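This report concerns only the one structure given below.
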2 protein chains.
Amino acid sequence: MSDVARLAGVSKMTVSNVVNNRAGVSDPVRRRVLDAIQQSGYRVNLSARTLKSGRTGIIGLAVPEIHSPYFGHLAAHVIARAAQQGFHVAIEQTGAAAAGEIDAIAHSHTLHFDGLILSAVELDRADPRLAGAAYPIVMLGEQDFGGRFDHVAMPNEDGTYAATTHLIDRGCRDIAIVTGNALEGVNVVTRRYQGYLAALAERGLQPDPALLVTVDTMTMDSGRAAGHRLADSRHKVDGVVAVTDTVAQGVLRGLADRGLRVPGDIRLIGFDDIPQAEFMVPSLSTVAPDHQWMAAKAVELLTGRIGAPARETTEYTAPFELMVRESTT
Amino acid sequence: MSDVARLAGVSKMTVSNVVNNRAGVSDPVRRRVLDAIQQSGYRVNLSARTLKSGRTGIIGLAVPEIHSPYFGHLAAHVIARAAQQGFHVAIEQTGAAAAGEIDAIAHSHTLHFDGLILSAVELDRADPRLAGAAYPIVMLGEQDFGGRFDHVAMPNEDGTYAATTHLIDRGCRDIAIVTGNALEGVNVVTRRYQGYLAALAERGLQPDPALLVTVDTMTMDSGRAAGHRLADSRHKVDGVVAVTDTVAQGVLRGLADRGLRVPGDIRLIGFDDIPQAEFMVPSLSTVAPDHQWMAAKAVELLTGRIGAPARETTEYTAPFELMVRESTT
DNA sequence: TTGTAAGCGTTATCAT
DNA sequence: ATGATAACGCTTACAA
């Protein structure tokens, strides 16, 4: 910057004013400075600007894992949206563990992110380590934090309710649910399970404990094992609600391993509408929350709070659509 | 830092020495300083450190799109590996366009990344804008840049050769290839096409122009359309080599749309071994490059060059394995 | 073993 | 409209 100033015959301050498009610089001077910038190949040093301003222009996005169609998809939207607002996104992987989620918060602090979008799946609202965060956090999609944070929620309960009702409408009566094993507290697993129970109850169907299949992780592998368990059990099953599309993909494969056909023998529905859902054979019916909407709201809430830290927290729930495809035909 | 120094009754410099684990600090002083750090909740300011040292500790990773199982998977490995070496990873999306790839380079500059891992799919080795980069770049996986950059290559030609040979071994004689439309120059598309041609030639099969199906983008959508074209043509086809697993997923779906069975009517093989390949119905045979190895090499090359900028460029080609699954049984 | 001084590149403030 | 100065928090070089 000193070089540019010398070249243009002005002070560093004037260069700064030109670089930042501030008013109060005469046209000829501005031109001279711009020329000097061209000539010297000058570029602002963001570290210096950050040091001075206390802002990095970077927001963190903490997700369980960036591979995983759902979070990858979401991340792509967040990155695009943040860019529109002049923010860069740094991605942290939490590994779907409470410790990783806390680490992400600490990291954000160390790296001086301006804020953090946290897709928490394990962290408890009561976790004392949550108190430490000294900058804006927006919770995305999962746990309930009782109004302590801005929150963009998934339509967990309503979505699964709609999915289960759809299976009943298609004539299913023995509907299994494949879900996580954290059936206590308020989290994605419990809320989706509640939606399933609510739909059964409304249609006068009894939930059968034998039709509750829990998995440790939300992976295709776990889903496949769940599919095996369903196929190998003596229980009649004519429909399956899977907690996520990724798990559904595994369930589908597990049923195929045992020679069961979807939708011929068993109907299957997922949750998320990952890009692959439409291309599976059979294509997967699913609950499709509006990912783009979620990303936009999350970024909007975060940048809003960066501007006004003391504002009241807000909670949004994403709209969703039921995508009916071959797997429930 | 001044606060900590005052609290511990030492100078800022001593605090710095303790924070950076430097030798030459007596044990009692070190303890006092650590206590003071605890008490005050002090954390180093990375911006200040960066400003002083000229290094950010952040490396950029530019990929066409972070959703996309292949790049998501690769990114996860790169992030993990870089973390081991004390680097953070910022992800840039290029949108599979040369302009986006150039932007990523410029961005890296602005954001003062210490280096960039660039998964270039469109950028040409002759592109003049490539000259600008004033920091280390490692090319990952695709284009050939004639030794100008450190490069971790995919086993493009050998992989497709092996895939095609495998189909021939399974009795296929009319083998189509679904690939990109950039059939000139040295890039992933041409090299994989060469591997296909080489395998046909070695087994005395004539390449049939009608069996070359090109797509604009490496997406499931494009693959599906290609599947339709193959099914609707009058040509006999008994095997398909797809340029990527993602495209293969689309081809499989496109063939299913037309009532064609894999592997019954047509055998299909992909490239990449994305996590979904194993879970597709039928499961997808594919060429499996060692992603973890690639990520590790890329990070290693980059950090090596950050340490020694003038070193000779190196080129590695990833090892691969042929995964034989149901789609070619 | 510890401390002092200067400077990394930028910008806010105040002066001209 | 433009400039001088100081400060952001840290580390290198040197002095004690």
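In what follows, chains carry the letters A, B, and so on, assigned in the order in which the sequence lines appear, proteins first and then strands, with residues in each chain numbered from 1. Only heavy atoms go into these numbers, but all of them, side chains included; no hydrogens, no water, no symmetry mates. Keep in mind the model is a prediction, meaning the values are calculated, not measured.
Across its full length, the helix from C:dT1-D:dA16 to C:dT16-D:dA1 shows an angle of 40° between the axes of its 5 terminal pairs at either end, rounded to 10 degrees.
Remark: B:K12, B:M13, B:S16 in residues 10-19 of chain B come within less than 4.0 Å of DNA chain D through at least one heavy atom. Within residues 33-46 of chain B, the residues that have a heavy atom under 4.0 Å from DNA chain D are, in order of number, B:Y42, B:R43, B:V44, B:N45. Interface residues of residues 22-32 of chain B facing DNA chain D, ordered by number: B:R22; criterion, heavy-atom separation under 4.0 Å.
Taking 4.0 angstrom as the limit, B:R49 places none of its side-chain polar atoms (N or O) nearer than this to OP1 or OP2 of D:dG9.
Listed by chain and residue number, B:I66, B:H67, B:Q93 satisfy the side-chain contact (heavy atoms from CB on, under 4.5 Å) test with A:A76 (two or more places apart in sequence, or in another chain). A search for side-chain contact (heavy atoms from CB on, under 4.5 Å) contacts involving A:R55 returns A:S53, A:D114, A:I306, not counting sequence neighbours. Partners of A:H77 under the side-chain contact (heavy atoms from CB on, under 4.5 Å) rule, at least two apart in sequence or in another chain, are A:H73, A:H291, A:Q292, A:A295. With sequence neighbours excluded, no residue forms a side-chain hydrogen bond (donor to acceptor under 3.5 Å, both in side chains) with A:T317. By the side-chain contact (heavy atoms from CB on, under 4.5 Å) test, A:A182 is found to be paired with A:N187, residues two or more places apart in sequence or in another chain being considered. Residues forming a salt bridge (Lys or Arg N to Asp or Glu O under 4.0 Å) with B:D3 (at least two apart in sequence, or on another chain): B:R6. The salt bridge (Lys or Arg N to Asp or Glu O under 4.0 Å) search around A:E300 returns A:K297, not counting sequence neighbours.
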Name every donor-acceptor pair, under 3.5 Å, that has one atom in a side chain of residues 24-39 of chain B and the other anywhere in the protein, sequence neighbours excluded.
unit_1 : atom_1 : unit_2 : atom_2 : d
B:R30  : NH2    : B:R22  : O      : 3.2
B:R32  : NE     : B:A8   : O      : 3.1
B:R32  : NH2    : B:A8   : O      : 3.1

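B:I59 is not listed as a side-chain neighbour of B:H88, based on a closest heavy-atom distance of 4.5 Å or more. You'll find the side chain of B:I274 reaches within 4.5 Å of the side chain of B:T246, heavy atoms only. At a threshold of 4.5 Å between non-hydrogen side-chain atoms, the residues B:V15 and B:S11 do not count as touching.
Distance A:N20 CG to C:dT10 C1': 9 Å, rounded to the nearest Å.
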